[in-house]
Number of protein chains: 2
Amino acid sequence: MHAEETLEYRKPDRKPATREPYTLDRLLDVAVRVFTERGYDGTSFQHLSQASGLSKSSIYHHIESKEQLLRLGLERALEPLMATIGEAEARGGPAIDRLRFLIRRNVEILTDRLPYVTLLLNVHGNTAPERWALEQRRAYNRAVAAVVQEAVDEGSLRADVDAKTTARLVFGMINSVREWYRPERSPGAERLADQVLSLLLDGIRTR
Amino acid sequence: MHAEETLEYRKPDRKPATREPYTLDRLLDVAVRVFTERGYDGTSFQHLSQASGLSKSSIYHHIESKEQLLRLGLERALEPLMATIGEAEARGGPAIDRLRFLIRRNVEILTDRLPYVTLLLNVHGNTAPERWALEQRRAYNRAVAAVVQEAVDEGSLRADVDAKTTARLVFGMINSVREWYRPERSPGAERLADQVLSLLLDGIRTR
DNA sequence: GTCTATATTACGATAGAC
DNA sequence: GTCTATCGTAATATAGAC
């Protein structure tokens, strides 16, 4: 007779967990938060297990692989971001106005989906989903650079710095917001977008 | 009898290597390049072996651990960066001039030590050297934010956006240069610094 | 839906020959 | 200074009980 059998680990009585069962969406939230904190490659299933409270193997009930978790997270960032390109085109009007729209929407999406966009902006291209995301980002960058070029051509933006460099620096500033923005402590998306737009358009100097 | 044994892999004939022996400095250059491409956690000794042409174990002749490579790489970025804080203080004069100096030097160091600074700006804090580097960066950010605050107080910079946000956005734009700058194709450090300073101070809009 | 147990592979690091 | 061979561990992923 073995101790395991006699004790039976109080199995029938045991409440399996006090929390509600995980859905893919809830698990994704947890995983992407850890990905943004530790980086995708720096995150193991053990980290995901600790953060979620699930065992390593239970995570596989919701997903097929770690890469799938990454891909789902990247999609959450890219979907609204890529959509703004079409929305800006549909607006028509002066390029400078469409650029303002793109900048404002970018700040809004960044603050609204902070961990997902942070994940997107930190990928290296080591896996297939990462390479796909980088290609999407390149398409986004090309589209916004084209609008910047239009705004230069229509005389709204300075022509002494080439449009490509301006576009890179402008969206580089915006994207850097991910490194310090905290929803609970930082200004809201609208106010932050106002500040970013104002500094970008008119400069930081007094006049 | 096994094929492996009969062929013997031409071992006696083989020239062990045609290249000159590695020094720690040359190995560090290779390693940091791979770190910036794949991320530190995404880089294995197999990757380092392929990139260097050394066997995995030969790398250990030059270093004691992977973390040591990381630490040495981070030091190469932090050393000149932290030095600029003291240099700016020593200059004295109006805060706006010291800020221009800090921005210009930051762009120069970024382009001059691109892979090292890129490595620094991408660390997550998963290891001891990373946490040390993050603390150094916080000290750097505090110092430049203080100069921005001085420039606001002296009336050189706009006061309608708080100094901390301005500092973060300014250096966020500068640091984003790492994501696209290529020494062989991009403008030189001086010209790029001129463009960055001009856009930051006066804005992207025509006037 | 979650668990324990395990398979398999890749990782960082070491030993010792040349 | 570089190599081959190997160690111990931790990684992703699977099997099967409950």
Side-chain angles (χ1 to χ4, degrees), chain A residues 2-5 7-28 30-31 34-35 38-72 126-130, chain B residues 2 4-5 7-28 30-31 34-35 38-73 126-130:
Chain A
H2 299 87
E4 288 88 344
E5 286 161 0
L7 281 173
E8 267 201 10
Y9 287 119
R10 304 177 35 187
K11 218 182 294 173
D13 306 25
R14 188 171 61 91
K15 224 14 180 343
T18 49
R19 73 177 140 62
E20 53 199 306
Y22 264 97
T23 62
L24 176 55
D25 265 18
R26 286 213 316 127
L27 179 61
L28 183 60
V30 173
V34 184
F35 287 166
R38 307 189 51 93
Y40 174 72
D41 287 314
T43 303
S44 70
F45 273 85
Q46 179 149 22
H47 295 129
L48 297 179
S49 172
Q50 282 176 242
S52 66
L54 281 174
S55 68
K56 284 190 289 176
S57 62
S58 295
I59 296 172
Y60 281 95
H61 180 77
H62 302 278
I63 57 158
E64 286 184 325
S65 68
K66 194 180 151 191
E67 275 190 25
Q68 189 193 0
L69 225 30
L70 175 60
R71 183 173 53 75
L72 291 171
N126 297 339
T127 64
E130 288 175 81
Chain B
H2 300 88
E4 288 87 345
E5 287 161 0
L7 282 173
E8 266 204 9
Y9 287 121
R10 302 177 39 185
K11 214 185 297 174
D13 304 25
R14 190 172 58 88
K15 211 40 172 324
T18 50
R19 75 179 139 63
E20 53 196 309
Y22 264 97
T23 62
L24 176 55
D25 266 18
R26 286 213 317 125
L27 180 62
L28 183 59
V30 173
V34 184
F35 286 166
R38 308 189 50 93
Y40 174 71
D41 287 314
T43 303
S44 70
F45 273 86
Q46 179 149 19
H47 294 130
L48 297 178
S49 173
Q50 282 176 242
S52 65
L54 281 174
S55 67
K56 283 192 292 175
S57 61
S58 294
I59 295 172
Y60 280 96
H61 181 76
H62 303 278
I63 57 156
E64 287 185 323
S65 68
K66 194 181 153 192
E67 276 191 24
Q68 189 192 0
L69 271 179
L70 176 60
R71 184 173 51 77
L72 291 171
N126 298 339
T127 66
E130 288 174 81

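Proteins get letters first, then strands, A, B, ... in listed order; numbering begins at 1 in each.
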With sequence neighbours left out, what residues match A/T127 under side chain to side chain donor-acceptor pair (under 3.5 Å)?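 Result, side chain to side chain donor-acceptor pair (under 3.5 Å) vs A/T127: A/E130.
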
If you round to the nearest 0.5 Å, how far is [atom2] of [Y] from [atom1] of [X]?
X	Y	atom1	atom2	result
B/R71	B/L28	CZ	CG	10.5 Å
A/S65	A/L69	OG	CG	8.0 Å
A/L24	A/Q68	CG	CD	7.0 Å

Does anything in residues 51-62 of chain A reach DNA chain C, meaning a heavy atom under 4.0 Å, and if so which residues?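 Within residues 51-62 of chain A, the residues near DNA chain C are A/G53, A/L54, A/S55, A/S57, A/S58, A/H61, A/H62.
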
Any residue of residues 63-73 of chain B with a heavy atom less than 4.0 Å from an atom of DNA chain C: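 By residue number: B/S65, B/K66.
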
Do the non-hydrogen side-chain atoms of B/L54 and B/R19 ever get within less than 4.5 Å of each other?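 A side-chain contact exists here, since the closest heavy-atom pair is under 4.5 Å.
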
Roughly, in whole Å, what's the span from CG in A/N126 to C1' in D/dT12?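 It is 16 Å, rounded to the nearest whole Å.
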
Interatomic distance, B/D41 CG vs D/dT12 P [rounded to whole Å]: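 Whole-Å distance recorded here is 11 Å.
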
Closest heavy-atom pair and its distance - A/I59, A/S49: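 Here A/I59 and A/S49 meet closest at CD1-N, 3.9 Å.
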
So which atom in A/A51 and which in A/V34 form the shortest heavy-atom distance, rounded to 0.1 Å?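 Nearest pair, atom of A/A51 first, then A/V34: CB-CG2, 3.6 Å.
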
Out of [options], which nucleotide sits closest to the side chain of [X]?
X	options	answer
B/R19	C/dG12, C/dT2, D/dC3	D/dC3
B/Y22	C/dT2, C/dC11, D/dT2	D/dT2
B/F45	D/dT12, C/dA13, D/dC3	C/dA13

Under 3.5 Å, side-chain donor or acceptor atoms of residues 38-48 of chain B against the rest of the protein: list the pairs with distances, not counting sequence neighbours.
from  : atom 1 : to     : atom 2 : distance (Å)
B/R38 : NE     : B/G42  : O      : 3.1
B/R38 : NH2    : B/H47  : NE2    : 3.4
B/Y40 : OH     : B/E67  : N      : 3.3
B/D41 : OD2    : B/N126 : ND2    : 3.0
B/T43 : OG1    : B/G39  : O      : 2.7
B/S44 : OG     : B/Q46  : N      : 3.3
B/S44 : OG     : B/H47  : N      : 3.3
B/S44 : OG     : B/H47  : ND1    : 3.2
B/H47 : ND1    : B/G42  : O      : 3.4
B/H47 : ND1    : B/S44  : N      : 2.9

Between B/Q46 and C/dA10, does any side-chain N or O lie under 4.0 Å from OP1 or OP2?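 Checking B/Q46 against C/dA10: no side-chain N or O falls below 4.0 Å of OP1 or OP2.
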
